[in-house]
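Shown next, in structure tokens, is the structure this report addresses.
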Amino acid sequence: MTQYRALIVDDEADIRELLEITLARMNVGTEAAANVAQAQQLLSEQDFDLCLTDMRLPDGDGIELVEHIQRHHPTLPVAVITAYGNMRAAVNSLKAGAFDFVSKPVNLQILRNLVNTALKLNGRAAERDGDAPQLIGRSPAMTNLRKTIAKLARSQAPVYIHGESGTGKERVARLIHEQGPRREHPFVPVNCGAIPADLMESEFFGHIKGSFTGATRDKAGLFQAAEKGTLFLDEVAELPLHMQVKLLRAIQERAVRPVGAEQEIPVDVRILSATHKNLDDAVRTGQFRQDLYYRLNVIDLSVPPLRERSEDIPEFCDHILGELARRNGLNASPRISPKAQKRLERYPFPGNVRELENVLERALTLCDGAVIDEDDLRLDSGAAAQPAPAITPAAPPELPPETSLEDHLGNIEAETIRRALEQTRYNKTAAAKLLGISFRALRYRLKKLGME
């Protein structure tokens with residue numbers, strides 16, 4: 001007895017037969033239609049768990065059917081079958097609301113992966129939303145963001161998440177993963193700005209033993225580590241151009257070639273990406289490939305800065321102070337005085353939630369007793385409204401005797417970072433902005449230089 005039912009829409013009888021046989025072996029019952037009109041009629045008469053439709057049909061196209069399903073059957077996942085290499089049609093179908101796509105000639109393993117993932121969206125699948133990380137705040141901006149995340153979680157379309165540093169882009173990506181059909185599989189975040197350029201290909205795609213000096217064993221890459229799950233490319237704007245080309249091919253072909261290997265390995269991974277930079281500007285200046293941009297930016301999701309949702313600050317404070325109290329072994333969370341609370345709500349927080357965390361952690365250390373007062377916050381009036389001061393250059397120190405160039409340059413880098421931290425009162429978010437690097441890149445350098 002079949003547990004699920006799928007609607008197959010294609011005007012070619014041999015394609016319909018291939019799909020019906022494949023799905024029957026997966027214990028999925030099928031109904032078939034040869035055009036849009038027949039498909040709409042069957043949808044009005046029966047309930048389905050999945051729809052597979054060809055892009056070109058005698059009386060319309062697959063996108064028209066996708067849009068009809070979005071209007072009348074919004075919980076039904078629909079996948080589009082496109083001509084080989086027609087990425088524009090595939091991207092357009094995803095923008096219209098398709099769950100995913102598969103290219104002709106149909107790769108049966110890719111098709112099976114798609115069907116298995118889509119069926120997990122069915123209402124009969126187990127729900128564990130209570131285990132997922134949650135977004136804090138009840139402002140209209142956060143309410144809309146939650147609704148958008150819930151909708152995107154049902155799709156397999158690549159999502160480009162953008163927003164200022166410290167807004168919580170990785171948390172948003174994790175929520176999309178946790179609320180979707182891939183939640184049982186890995187969520188693999190990677191900071192593209194923290195991987196040395198000469199190691200990127202090996203890190204992303206893996207390598208085989210002996211492929212280069214030091215490759216003493218086979219190693220799986222990040223794509224393989226995220227198999228059947230989600231790969232989150234944070235600070236994707238930091239990817240060098242040569243790696244952008246290889247990433248584009250991996251996404252389009254759904255396969256990777258480990259360094260030194262002769263054949264590609266199929267991968268089943270959903271791609272989410274994020275950056276605090278303006279990718280449109282990077283494309284215009286030639287720093288980021290336009291074709292990769294359009295492939296990653298199928299759906300655009302903006303995470304609002306904290307200053308646009310200041311009404312959420314009290315809830316953030318309660319949550320952050322509760323976490324700090326548990327971390328420091330306190331019996332009760334400290335309170336914030338009314339004056340301090342108003343000061344926080346007026347402050348624009350250029351470093352967003354991450355800066356708020358730093359401010360509260362510092363205030364907790366400085367406060368006397370169980371109440372945080374305005375003076376404990378150490379917020380400089382109007383400081384955030386002013387542009388960050390330039391780092392005062394210091395005269396380069398002379399190279400000490402018997403010191404290698406690498407050590408000398410490391411000392412200069414450490415001194416520059418130290419001065420930036422001092423100028424920003426050890427606010428790492430502000431220091432990274434002052435240095436012109438990402439927050440994660442700064443953390444990487446601090447760890448490398450032993451300055452944490």
Side-chain angles (χ1 to χ4, degrees), residues 63 66-80 90-101 117-118 120-123 125 127-183 187 189 229-236 269-280 293-313 315-316 319 352-353:
I63 292 181
V66 170
E67 292 172 342
H68 173 84
I69 290 173
Q70 283 290 298
R71 289 192 301 269
H72 302 285
H73 311 276
T75 62
L76 175 63
V78 51
V80 173
V91 169
N92 288 340
S93 68
L94 293 172
K95 287 182 180 290
F99 165 79
D100 206 346
F101 71 92
T117 303
K120 292 177 183 177
L121 288 171
N122 188 275
E127 295 290 339
R128 297 187 304 136
D129 286 347
D131 296 342
Q134 298 300 316
L135 289 177
I136 296 171
R138 300 293 172 215
S139 62
M142 295 307 292
T143 300
N144 290 334
L145 183 59
R146 285 191 190 88
K147 290 179 180 178
T148 304
I149 287 172
K151 185 175 181 180
L152 296 181
R154 296 184 58 81
S155 169
Q156 293 302 288
V159 179
Y160 166 53
I161 306 167
H162 61 94
E164 298 176 6
S165 292
T167 50
K169 297 184 289 295
E170 182 173 334
R171 179 175 287 268
V172 168
R174 195 176 291 273
L175 271 169
I176 293 173
H177 169 78
E178 289 290 342
Q179 293 183 18
R182 295 178 178 268
R183 61 187 305 164
F187 174 86
T230 301
L231 182 61
F232 174 53
L233 304 176
D234 198 8
E235 299 300 347
V236 70
V269 172
R270 184 181 188 183
I271 300 292
L272 305 178
S273 61
T275 182
H276 74 285
K277 293 186 176 180
N278 189 320
L279 269 190
D280 289 308
Y293 172 69
Y294 287 131
R295 192 65 187 87
L296 294 174
N297 190 23
V298 174
I299 299 176
D300 179 286
L301 180 60
S302 176
V303 183
L306 188 56
R307 62 181 173 275
E308 293 181 6
R309 44 190 173 108
S310 58
E311 61 266 51
D312 293 332
I313 288 178
E315 188 175 347
F316 270 111
H319 174 78
N352 293 292
V353 179

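P158 meets the side chain to side chain contact (heavy atoms under 4.5 Å, CB included) test with L94, R295, V298; sequence neighbours excluded. In terms of the salt bridge (charged side-chain N to carboxylate O under 4.0 Å, His left out) criterion, R309 has no residue partners (sequence neighbours excluded). For D312, there are no salt bridge (charged side-chain N to carboxylate O under 4.0 Å, His left out) partners at least two apart in sequence or on another chain. Take K277 and apply the side chain to side chain contact (heavy atoms under 4.5 Å, CB included) test, not counting sequence neighbours, and it matches A237, E238, T275. T230 meets the side-chain hydrogen bond (donor to acceptor under 3.5 Å, both in side chains) test with H177; sequence neighbours excluded. The salt bridge (charged side-chain N to carboxylate O under 4.0 Å, His left out) test applied to E164 returns R307, not counting sequence neighbours. Every residue meeting the ring pair (Phe, Tyr, Trp, His ring centres under 6.0 Å) condition with H68, not counting sequence neighbours, appears here in chain and number order: H72. Checked against side-chain hydrogen bond (donor to acceptor under 3.5 Å, both in side chains), R138 has no partners two or more places apart in sequence or in another chain. For I299, the side chain to side chain contact (heavy atoms under 4.5 Å, CB included) partners two or more places apart in sequence, or in a different chain, are L152, A157, V159. The side chain to side chain contact (heavy atoms under 4.5 Å, CB included) search around N297 returns Y160, Y293, D300, not counting sequence neighbours. Residues meeting the side-chain hydrogen bond (donor to acceptor under 3.5 Å, both in side chains) test with R146, sequence neighbours left out: none. Under the rule for a side-chain hydrogen bond (donor to acceptor under 3.5 Å, both in side chains), the partners of D234 that lie at least two apart in sequence or sit in another chain are R440.
Not a single donor-acceptor pair under 3.5 Å links the side chain of K169 to the backbone N or O of V303. Between the side chain of R154 and the backbone N or O of T75, at least one donor-acceptor pair lies under 3.5 Å. A donor-acceptor contact shorter than 3.5 Å links the side chain of N352 to the backbone of L306.
Scanning both residues, M142 and P304, for their nearest heavy atoms gives SD-CG, 4.5 Å. In plain terms, the two heavy atoms of R174 and P189 that are nearest each other are NH2-CG, 4.1 Å. Of all the heavy atoms in E170 and F187, the pair that sits closest is O-CZ, 4.3 Å. For the residue pair E67 and A96, the shortest heavy atom distance occurs at CG-CB, 4.2 Å. Counting all heavy atoms, side chain and backbone alike, E311 lies closest to S139 at OE2-CB, 3.4 Å.
Between L145 and L301 there is a side-chain heavy-atom pair separated by less than 4.5 Å. With a 4.5 Å cut-off on side-chain heavy atoms, P181 and Q156 count as touching. Under the 4.5 Å side-chain criterion, counting only non-hydrogen atoms from C-beta, P140 is not in contact with E308. You'll find the side chain of H162 stays beyond 4.5 Å of the side chain of N278, heavy atoms only. In this structure the side chain of I63 never reaches within 4.5 angstrom of the side chain of V80, judged on heavy atoms.
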- Run the side-chain contact (heavy atoms from CB on, under 4.5 Å) check on L272 and V172 step by step: do they pass? CA-CA 10 Å; L272 305 178; V172 168; over 6 Å; no
- Message: Using the rule given for side-chain contact (heavy atoms from CB on, under 4.5 Å), can you reason through V353 versus I136, listing the C-alpha separation, both sets of side-chain angles and the distance that settles it, and then say yes or no?
- Response: CA-CA 10 Å; V353 179; I136 296 171; over 6 Å; no
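For K95, the NZ atom counts as densely surrounded, since its 6.0 Å shell holds more than 12 non-hydrogen atoms of other residues, nucleotides or ligands.
Note: F232 CZ to I271 CD1 = 11.5 Å, rounded to the nearest 0.5 Å. Atom CG of N144 and atom OG of S302 lie 11.5 Å apart (nearest 0.5 Å). Rounding to the nearest 0.5 angstrom, the gap separating the CZ atom in R182 from the OG1 atom in T117 is 4.5 Å. Atom CD of E315 and atom NE2 of H319 lie 9.5 Å apart (nearest 0.5 Å).
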